[in-house]
Amino acid sequence: MLEDINTVIVIVMDTRDKGVFLTGGAQGLGRGIVVKLLSLGAKVFFVDVDVERGKATQVELQTQYGADVVFFQPADVSDGEQHKAAFDAAVSTLGAVEICVNNAGIMAEDKWEKVLAVNAGSHIRGSLLALEHMRRDRGGRGGVIINVASLAALYPKSICPSYTASKHAVIGFTTSWAMNPDHKDHGVRWCCLCPATFQSGMVDLKRLGDLDTDTIAEILQKQGFVEISQVVEGVMKLMRDPDNNGAILEVSLEKGARYRRRQVVDRDGVSDLVVVDTY
Ligand SMILES: NC(=O)C1=CN([C@@H]2O[C@H](COP(=O)(O)OP(=O)(O)OC[C@H]3O[C@@H](n4cnc5c(N)ncnc54)[C@H](O)[C@@H]3O)[C@@H](O)[C@H]2O)C=CC1
Ligand SMILES: CCCCCC(=O)/C=C/[C@H]1C=CC(=O)[C@@H]1CCCCCCC(=O)O
């Protein structure tokens, strides 16, 4: 029992008064993460391209948690200027950003350039903005960057190749920065989240382009959905676990939350990174 109480205290202290910047917070997983962080005492600045839904979410959450702890700014994060302006506004509003969650994403195989710009481009830009601001060797406070990828980042998915490519890019970028030789001086942890399918605005078969929606609906029905609350807990685990720089956390219905390790192996004198199983 005492152990349980201590655990709760550690979690609360970890996020209380921390400044959070999150993309795609108006609905779905992003909104779930915002709500959880507010309930743990963090201050959250979120952006979304869906202005109406973003404003409604802000009003609802300000009523529940207070007008001085949650802020919304409309921004299309596939546009570099809008994204940077929003990040800068978050820093001046919150004082500092210590947690950055790059979450905004789309599934639209008939618009592959947009898919890459949002799912990969905005995660890369958001991470670089956050690193520059957070890094201790340049006067920042350190922090954690969480990039929302997908199980589709770890396997090929024949029904959504562009989406899958965008998510593979997120893993490659995030784990590469985690291996930076100056990482300890930066004081910034790099993490990836790889959830299985969950019910959200994205699971709208009309948005998958020309694909056979009946087949996909059948696959999804058979696979089942992980709960958003389980995925949010995965994000909290990534934030809390102190020694998980470079972590890839998978969250699935069958296996729950489990880390996947990438390891450096030496094959014939050539160093290589491979995904190995869980720990
Ligand atoms: N729903 C699922 O089954 C899974 C989703 N994911 C990932 O989780 C993340 C969140 O997705 P969901 O909550 O499912 O989707 P969602 O569609 O419910 O929410 C995504 C939010 O991102 C916003 N957004 C989209 N493009 C944007 C842009 N250019 N600028 C700013 N905001 C933008 C949307 O307006 C929306 O509010 C995405 O990165 C997605 O790829 C990962 C695995 C499974
Ligand atoms: C097990 C695949 C995990 C992919 C999860 C994801 O990032 C996106 C999920 C979906 C969003 C809208 C959809 O319709 C999604 C499902 C498409 C993936 C179906 C995978 C079927 C397969 O295993 O090949």
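Ligands are counted one by one from 1 in listed order, and the atoms in each one are counted from 1 as well. Note that the structure is predicted; figures quoted are calculated from it, not measured.
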Self-check item: From Gly24, Ala149, Cys194 - option closest to atom 7 (C) of ligand 1 by heavy atom
Solution: Ala149
Quiz prompt | Proximal candidate to atom 28 (C) of ligand 1 [heavy atom criterion; set Leu220, Asp76, Leu193] | solution = Asp76
Practice problem: Verify the cluster assignment for Phe45 and Leu22: are they in a single hydrophobic cluster under the rule of side-chain heavy atoms below 4.5 Å apart? | Solution: no
Quiz item: Can Val34 be reached from Val97 by stepping across I, L, V, M, F, W or Y side chains whose heavy atoms are under 4.5 Å apart?
Solution: no
With respect to [X], determine whether any N or O atom, backbone or side chain, lies less than 3.5 Å from an N or O atom of ligand 1.
{"X": "Gly201", "answer": "yes"}
{"X": "Val77", "answer": "yes"}
{"X": "His123", "answer": "no"}
{"X": "Leu29", "answer": "yes"}
{"X": "Lys114", "answer": "no"}
{"X": "Val49", "answer": "yes"}
{"X": "Asp48", "answer": "yes"}
{"X": "Asn103", "answer": "yes"}
{"X": "Gly30", "answer": "no"}
{"X": "Asn119", "answer": "no"}

Self-check item: Separation of Ser176 OG from Asn180 CG (nearest 0.5 Å)
Solution: 10.0 Å
Quiz item: Which one holds for Ala196 and ligand 1: side chain close, backbone close, both close, or neither close, with close meaning a heavy atom under 4.0 Å?
Solution: backbone
Quiz item: Counting only heavy atoms, which portion of Ala75 has something under 4.0 Å from ligand 1: side chain, backbone, both, or neither?
Solution: backbone
Answer with yes or no whether [X] contacts ligand 1, where contact means a heavy atom under 4.0 Å from a ligand atom.
{"X": "Phe225", "answer": "no"}
{"X": "Gly32", "answer": "no"}
{"X": "Val47", "answer": "no"}

Exercise. State whether the number of non-hydrogen atoms from other residues, nucleotides or ligands found under 6.0 Å of Gln221 atom CD is greater than 12.
Key: no
Using a strict cut-off of 4.0 Å, indicate which atoms of ligand 1 neighbour a heavy atom of [X].
{"X": "Val118", "value": "26 (N), 29 (N)"}
{"X": "Thr197", "value": "3 (O)"}
{"X": "Gly28", "value": "13 (O), 18 (O)"}
{"X": "Lys167", "value": "38 (C), 39 (O), 40 (C), 41 (O)"}
{"X": "Ile106", "value": "25 (C), 26 (N)"}

Practice problem: Dump the intermediate steps for ring-ring contact (aromatic ring centres under 6.0 Å, His included) on Phe46 and Phe71, then the final yes or no. | Solution: CA-CA 6 Å; Phe46 71 95; Phe71 309 90; 9.6 Å; no
Quiz item: Does the pair Lys184/Asp137 count as a salt bridge with the N-to-O cut at 4.0 Å?
Solution: no
Practice problem: Please examine the side chains of Val35 and Arg31, heavy atoms only from C-beta on, and report whether any two atoms are closer than 4.5 Å. | Solution: yes
Quiz item: So do His133 and Arg138 actually touch side chain to side chain, heavy atoms under 4.5 Å?
Solution: no
Quiz item: Looking just at side-chain N and O atoms, do Asn119 and Tyr163 make a donor-acceptor pair shorter than 3.5 Å?
Solution: no
Quiz item: Taking atom types as modelled, is there a side-chain donor on Asn102 or Thr23 under 3.5 Å from an acceptor on the other?
Solution: no
Practice problem: On the 0 to 90° scale, with breaks at 30° and 60°, tag the Trp177-His186 ring pair as parallel, tilted or perpendicular. | Solution: tilted
Quiz item: Which of parallel (below 30°), tilted (30 to 60°) and perpendicular (above 60°) describes Phe21 and Phe87?
Solution: perpendicular
Exercise. For Asn244 and Cys191, work out which heavy atoms get closest and say how close.
Key: OD1-SG, 3.7 Å
